[in-house]
Structure formats: structure tokens, C-alpha cells
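Here is the structure we will look at, set down as C-alpha cells.
In what follows, residues are counted from 1 in the order of the sequence shown. What's counted below: heavy atoms across the whole structure, side chains too, no hydrogens, waters or symmetry copies.
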Amino acid sequence: PPAARPGGTGPAMLRLAPALLARLARPARPWVPVLRRGAAAGGEEERFVFPEYEPELSEAAIAAAAAVPRRKTGRERRERRERPPVAAVGRPDPSVPPSGVSCSGCGAELQCRDGAAPGFVPAEKYRSLSEGPAGPAGLRGAVCQRCWLLAHHGRALRLRLPPEQHREVVSAALRRPPRHGRGPLLLYILDLLELPDPVLPQLQGLLGPDVPAAGLLVVGNKVDLLPADSPGHLGRLRQQLAAACAQAGLRGTPLVDVRLVSAKTGFGLEGLISRLQRSWKCTGDVYLLGATNSGKSTLFNSLLLSDYCKSRAPDVVDRATVSPWPGTTLNLLKFPIINPTCDRIFRRQERLKEEAAKTEDQLSSEEKKYLDRLKKQGYLVGEVGRTFQQQKSSPVVDFDPDMLSYSIDEDPRHSPKKNEEREEFTYNEVKDARWCFDTPGIVKENCVLNLLTEKEVKLVLPTNAIIPRTFILKPGMVLFLAALGRVDYLQGEKPAWFSVVASNLLPVHISTLSNADALYEKYGGQEFLKVPMGGEERMKEFPPLVPQDITLKGIGATEAVADIKLSSAGWVAVTAHAEEKLLLRAYTPKGTALVVREPPLLPYISTIRGPRIPGTAAYRTKKPPSQVENLKTTGRR
């Protein structure tokens with residue numbers, strides 16, 4: 001054996017033994033293809049490989065490995081870092097009254113009385129901010145402990161907040177007496193992956209009969225996550241979005257427009273701003289509405305850094321807290337809308353024309369890096385710029401010669417830092433202002449996300465471009481989407497194609513009807529099915545899967561007949577031969593919604609695939625290229 005390295009614990013062979021010993025301790029894995037990244041097509045395809053053969057170790061090798069301290073694996077270190085939702089940290093003080101100041105991240109009133117209530121700040125921190133020279137105004141710009149944990153640690157804080165409270169906050173805001181003699185414009189944010197939206201039909205009940213809204217503009221968000229299944233797919237998505245609005249039965253509120261955007265990558269946002277300034281101008285307030293996790297706060301932050309708000313607003317208004325955890329926003333957040341005068345509209349149009357004439361090669365290195373990062377996250381990418389920006393004066397540096405005069409035996413002396421004054425709007429800036437409000441999300445009923453933990457929600461909600469996974473199944477075969485959904489192919493004359501559109505982190509497994517129940521019982525709560533996670537104890541409290549029979553009739557081998565939407569976990573597009581009748585049975589957890597969506601959202605999704613993988617029911621995956629808005633198509637791609 002090779003000699004030991006200096007400072008090592010033994011020969012190199014013995015230092016490798018703990019990893020091999022850890023393999024022997026793993027439970028036996030089922031003999032199924034495992035989905036791994038491949039090098040074909042520039043890393044954009046995936047391939048199925050079988051687990052590597054792991055040779056057994058001799059007794060001598062096992063004994064030698066046991067004598068060496070075992071190094072923790074990466075999975076063990078990650079599991080140690082991953083913690084469940086936490087309770088409030090820090091002591092409350094019930095004797096201190098509420099501040100009257102809102103959290104700049106979620107809008108809740110800052111307080112230190114109750115650690116389980118919204119807006120909690122530990123009493124020590126609360127006093128240090130509120131008892132300074134500025135008094136209670138020192139809390140302005142501060143965030144509550146919940147927003148701090150979400151933003152900096154990605155952890156959720158347990159709160160006693162019933163879902164009805166979100167609805168009450170939104171309803172109370174919409175029932176206010178109209179300002180400036182006109183009702184508000186409702187900017188409804190709809191997650192395209194959730195069509196048909198369960199909250200949109202409830203919108204009429206939130207409005208008061210005496211204060212009707214002046215108009216409704218529906219924004220289909222997260223369009224960047226969906227691949228282009230055919231030319232003109234954006235026009236088809238927009239038609240389906242308009243049809244969903246018509247089916248919602250919104251009476252008395254005129255539909256102004258329907259737009260497709262990505263609040264995350266910026267696609268479509270410049271067009272949305274131009275539409276708002278052209279039709280709504282500055283005639284009244286605007287309310288961002290929608291269900292939880294629809295992207296309202298992300299859109300609020302994007303509009304805050306755009307031509308839609310006053311030029312000084314980004315320096316005064318803090319950005320909203322954004323998190324995959326449902327119900328992040330707890331109260332109203334707002335920024336003042338800029339008045340789109342003729343001069344401002346002209347200057348804005350000139351900027352847009354100048355940017356549209358650029359190619360990717362003409363962008364700076366930082367802009368290219370940012371654009372490449374967005375391309376990896378979504379299929380559709382845009383740029384949101386600013387025409388009107390406040391010119392900032394150069395900071396004045398205070399020179400203190402005494403700070404530099406110290407002997408070699410002394411430490412440098414630091415003068416106390418001066419409290420930086422927080423910028424505020426002047427009275428004239430906001431006395432007649434129209435405001436854009438971010439509101440709490442309406443909690444969706446019968447949603448699988450309500451059953452999941454914080455870590456499981458992060459796996460289920462897609463954050464990057466969805467890569468469709470297509471399988472060809474014969475009657476008697478079963479498709480599992482993690483442990484959150486299942487589709488059985490019961491009867492049919494020919495094989496059919498099943499395309500999964502869900503988070504890339506959720507595993508898909510193919511089984512047979514005779515083995516499906518045993519597979520779910522054995523691997524539910526385990527890494528094999530991934531979500532839910534937590535083993536047998538977690539599965540005991542998780543609702544069982546409930547079946548629903550579905551009958552479909554095929555259209556053709558390239559066009560899906562329907563989507564089977566497994567609550568908010570994703571959907572399975574079913575493609576069958578023309579006139580072929582299929583009998584399916586779909587499962588979702590008890591208490592969650594299973595929807596058969598006809599027509600499907602992406603009818604030609606099964607064509608986005610590579611060649612068939614020999615010996616399996618799977619096709620190689622294929623990722624379409626990303627498209628950039630507001631840039632010339634020539635140049636670097």
C-alpha cells in the first residue's frame with residue numbers, strides 16, 4: 001500500500017474504506033433505472049443508468065475501516081443543517097404596546113408582545129430601535145423576525161394566523177371609500193401552472209357592492225417556466241387565460257386586458273408597464289391580488305425598480321419579502337405610482353427603442369452574466385430598465401486627523417458612527433399620489449401545499465425552467481409523481497404517451513399495477529419517492545391517496561387530449577392515438593383537488609423529447625433554447 005501522507009491517519013487505502021463501509025450500511029435499492037445527468041447535447045439531455053455494482057469488502061478491510069474515524073457524508077451534513085420550522089427566538093415583552101409601524105418586508109405591525117403573532121421583533125432589538133433619538137420612528141425600515149429568517153436563512157417561523165385573516169385584510173382594503181373619485185384597478189396575478197385558478201371566481205366576493213372596481217387586468221405569471229411546445233404557444237396561452245376569466249363569471253368589473261409575464265426573469269414587464277400607463281395612467285390606486293405563491297411580491301419588487309414608480313421610491317420603499325412559503329405577505333405594502341406625462345412617455349419610448357436595437361454582444365460583461373443566469377432559470381427572459389432615476393450626490397467624507405494619530409503601542413481609535421438618516425417622502429410628493437398596493441395572498445383550499453413542510457414545498461414548487469419528461473405506457477402500467485400523485489393506465493388498445501410537467505426535483509417512477517401499492521407502502525416517505533419525507537412517522541400523518549376514474553378519447557399521436565392536474569404538484573399530459581379510448585385512474589392525497597384540464601395547457605408537449613431509451617418506458621429529455629425579449633436576435637445566442 002502507498003505510504004501515509006503527513007498528518008494522515010493511515011494508508012490512502014484505509015482512508016477510503018469508511019466510504020465503502022457506508023455503502024454496505026445502506027438499505028437495498030430497487031433494481032430500476034436511475035435518472036442522472038448525461039453529457040449528450042451539451043448537458044441538456046438526461047439518461048437512465050443502472051446503479052453501479054458495489055463489490056463486497058473482506059473482513060480484514062471492514063475491521064481496518066472500523067478503526068478509522070468515519071467522516072460524515074455530504075447527505076448527513078445537509079440533514080444536520082436542515083431544520084424544521086422554528087419558534088420565535090428572543091424574549092417577548094407583553095407590557096410594550098404595538099408600534100404602529102409596519103414591517104417593510106410583509107406589512108405586519110411591528111410588536112414585541114407575542115412571539116407567535118405577526119410582526120414580532122425580540123424585545124431587546126425592539127427597544128434598541130424604538131428608544132433611540134428617533135423614537136418609534138427608528139423602527140421604520142426594520143423587518144420582523146419572520147421576514148429576517150425567510151430572507152437570510154430560508155426558514156419559516158410558526159405563526160398563529162388563520163387563512164381567513166388574509167382574506168379579511170384584502171376585503172377591507174378593497175372596500176375602502178374610493179380615492180380621487182374613482183375605484184381602484186385590480187391587477188390580478190395568476191399562476192399559469194395553476195389554471196384553472198381556484199381563487200379568481202372568489203374575487204367578486206371580496207369587493208364591496210358600494211365600491212366597485214374600475215377595471216380588472218389579469219396577469220398570467222411564471223410563463224418563463226413553460227417550454228414552447230409549438231409556434232405561437234404564447235398566443236394560445238393567452239387565449240386560455242382569457243377563457244378562464246370568462247368562466248370565472250366576474251360581473252360588474254370590466255376586463256381591461258390579459259397579459260403574460262415573468263415577474264422573476266422580467267419577460268413581458270415592460271409591455272405591462274406601457275399598458276398600465278397608456279390605459280390606466282394615474283387615475284387611481286392599483287391593487288395586486290392573487291392566490292398564495294402566485295408571484296405578487298416578486299412583481300411588486302420588479303415594478304418598484306421600474307418606470308412605474310416615482311423615481312425616488314426605490315430609495316425610500318423597502319422591497320417585499322419573497323419566499324416559496326405560502327402567505328409571506330401579511331398586510332399591505334405600497335409604493336407611489338409615477339404620473340406618466342407626455343414627456344415621460346416619450347423619454348421612456350426612446351429608451352426602449354435604444355435597448356431594442358442592441359444585441360447580446362453589445363451588452364456589458366455584467367449584463368451578459370446576469371442574462372446567462374436568467375436563461376438557465378427560464379425559457380423567456382426580459383430586461384426591466386429605468387428611465388427616470390434620482391441623481392445622487394457624491395458622499396461627503398469626514399476627515400478626522402486624530403483618527404490617524406496613534407502610536408505603535410496603541411490600537412486605532414474608531415469614532416462612533418453617525419446614525420444614517422433614512423430617506424422619506426416629502427408631503428408634496430405624496431399628497432395627491434396614487435399607490436400600488438401589494439396584498440396578502442388568498443390561501444388556496446384543497447391544495448397539496450397546505451399538507452407539506454417547508455422543505456417539501458421548496459422541492460414541489462418549480463423555480464427553474466421545467467423540463468418535460470415523457471413516458472410511453474401500456475395498459476397495466478402506473479406512473480408515480482413522487483408520493484403526491486399517481487396515474488394508472490387501466491384499459492386501452494394501444495400504448496399512450498404520458499408527459500410529466502412538474503418541478504425537476506420531483507422524481508417520476510414507472511411500475512405495474514400489481515406492484516404499485518407495495519411500492520408506495522415501502523418507499524413512501526423515503527428518498528426513492530422523495531416527497532413527503534420523514535419515513536414512517538411522516539406517512540402516518542400524511543393523508544392517503546384517493547382515486548378518481550377518468551375516461552379520455554385520443555386526438556392523435558402528437559397532440560395531448562387532456563392534462564391530469566395533480567393539485568399543485570404538477571400535471572400529466574396524456575397523448576393517445578386518434579379515436580383511442582383510455583380508462584385511467586388518478587390519485588391525489590385526500591382533501592386535495594384533482595382536475596382534468598381540457599383542452600390541455602401545452603397540447604404538443606409530448607413532442608419535446610429525445611429518442612427512446614432502450615429497455616425502458618422513458619424518452620431522453622430535451623430542453624428547448626431560451627428566448628430574450630427586447631434584444632435583436634442577431635449576434636451571440
Mind checking whether Asp563 and Val596 have side chains closer than 4.5 Å, heavy atoms only? no
For Pro600 against Ala560, the heavy-atom pair lying closest together: CG-O, 3.5 Å
Using the side-chain contact (heavy atoms from CB on, under 4.5 Å) rule, take Arg469 and Phe498 through it: C-alpha gap first, then chi angles, then the decisive distance, then the call. CA-CA 8 Å; Arg469 290 167 279 180; Phe498 294 76; over 6 Å; no
Can you tell me how far CG of Asp114 sits from CZ of Phe120, rounded to the nearest 0.5 angstrom? 8.0 Å
Check the surroundings of atom CD in Gln548: do more than 12 heavy atoms from other residues, nucleotides or ligands lie under 6.0 Å from it? yes
Enclosure of Glu536 CD (heavy-atom neighbours >12, cutoff 6.0 Å): no
Given Leu200 and Tyr188, is the side-chain contact (heavy atoms from CB on, under 4.5 Å) satisfied, shown in steps? CA-CA 8 Å; Leu200 187 58; Tyr188 188 86; 3.8 Å; yes
Lys296 (side chain) donor-acceptor with Ala291 (main chain) under 3.5 angstrom: yes
Could you tell me whether Asp488 and Arg486 have a side-chain N and a carboxylate O separated by less than 4.0 Å? yes
I'd like to know if the side chain of Gln202 reaches the main chain of Pro198, judged simply by a donor and an acceptor atom lying under 3.5 Å from each other, with no hydrogens or angles considered. yes
Only residue of Leu237, Thr265, Val261 satisfying side chain to side chain contact (heavy atoms under 4.5 Å, CB included) with Val223 is Leu237
Under a 4.0 Å N-O cut-off, is there an ion pair linking Lys565 with Glu194? yes
Aromatic ring pairing Phe528/His509, orientation class (parallel under 30°, perpendicular over 60°, tilted between): parallel
Tyr379 (side chain) donor-acceptor with Ala228 (main chain) under 3.5 angstrom: no
Nearest atoms (heavy-atom pairs only) where Val574 meets Leu582: CG1-CD1, 3.7 Å
Minimum heavy-atom separation for Ala263 to Gly295, with atom names? CB-O, 4.2 Å
What distance separates Ser297 OG from Leu288 CG, expressed to the nearest 0.5 Å? 8.5 Å
Tightest non-hydrogen contact, residues Pro227 and Ile605, listed as CG-CD1, 3.8 Å
Pro589 and Leu451: which non-hydrogen atoms are nearest, and at how many Å? CB-CD1, 4.1 Å
Using a strict 4.0 Å threshold on nitrogen-to-oxygen distance, state whether Glu456 and Arg538 make a salt bridge. yes
Given the rule in the side-chain contact (heavy atoms from CB on, under 4.5 Å) test, do Ser503 and Leu459 qualify, once you have shown the distances and angles that lead to the verdict? CA-CA 7 Å; Ser503 169; Leu459 294 175; 5.8 Å; no
Polar side-chain atom of Lys553 near backbone of Val561 as donor-acceptor pair, under 3.5 Å: no
Is the shortest heavy-atom distance from the side chain of Trp497 to the side chain of His577 under 4.5 Å? yes
Any side-chain heavy-atom pair of Leu484 and Val460 under 4.5 Å: yes
Criterion salt bridge (charged side-chain N to carboxylate O under 4.0 Å, His left out) on Asp549 and Arg585, from CA distance to verdict: CA-CA 4 Å; Asp549 287 354; Arg585 181 170 293 159; 2.6 Å; yes
So Phe480 and Leu519, do their side chains get closer than 4.5 Å, heavy atoms only? yes
Do we see a donor-acceptor contact under 3.5 Å between the side chains of Asn301 and Thr298? no
Take Asn464 and Lys376, measure what side-chain contact (heavy atoms from CB on, under 4.5 Å) needs, and give me the verdict at the end. CA-CA 7 Å; Asn464 292 328; Lys376 295 178 182 178; over 6 Å; no
Return yes if some donor-acceptor pair links the side-chain N/O of Ser626 with the main-chain N/O of Gly378 below 3.5 Å, else return no. yes
A side-chain contact here means heavy atoms from C-beta on lying under 4.5 Å apart; do Tyr489 and Leu473 qualify? yes
Do Lys530 and Pro507 have side chains that get closer than 4.5 Å, going by heavy atoms? yes
Between Ser567 (side chain only) and Ala569 (backbone N and O only), is there a donor and an acceptor less than 3.5 Å apart? no
Please step through side-chain hydrogen bond (donor to acceptor under 3.5 Å, both in side chains) for the pair Asn446 and Thr592, ending with a clear verdict. CA-CA 4 Å; Asn446 304 326; Thr592 62; over 6 Å; no
Donor-acceptor pair, side chain of Asn504 and main chain of Ile467, under 3.5 angstrom: yes
Could you tell me whether the side chain of Phe300 reaches within less than 4.5 Å of the side chain of Leu333, counting heavy atoms only? yes
Check Ile466 against Pro468 and note the closest heavy-atom contact, atom names and distance. O-CD, 3.5 Å
To the nearest 0.5 Å, atom CD1 of Ile189 lies from atom CG of Asn221 at 6.5 Å
Using 4.0 Å as the upper bound for N to carboxylate O, is an ion pair formed by Arg236 and Asp229? yes
So if I apply the side-chain hydrogen bond (donor to acceptor under 3.5 Å, both in side chains) rule between Ser499 and each of Thr575, Thr607, Thr470, which one comes out positive? Thr470
About how many Å separate NE2 of His233 and CG of Leu601, when rounded to the nearest 0.5 Å? 9.5 Å
Judged by atom type as modelled, is there a donor-acceptor pair below 3.5 Å linking the side chain of Thr588 to the main-chain atoms of Gly485? no
In Å and rounded to the nearest 0.5 Å, what is the OG to CG distance from Ser262 to Leu225? 7.0 Å
When you measure from the side chain of Glu580 to the backbone of Lys494, do you find a donor-acceptor pair of N or O atoms at a distance under 3.5 Å? yes
Has Asn450 got a side-chain atom pairing as donor or acceptor with Lys444's backbone, closer than 3.5 angstrom? yes
Counting C-beta onward and ignoring hydrogens, is there a side-chain heavy-atom pair between Val457 and Lys455 closer than 4.5 Å? no
Give a yes or no on whether a salt bridge exists between Lys222 and Asp191, defined as a side-chain N under 4.0 angstrom from a carboxylate O. yes
Between CG of Leu226 and CG of Leu193, what distance do you get to the nearest 0.5 Å? 5.0 Å
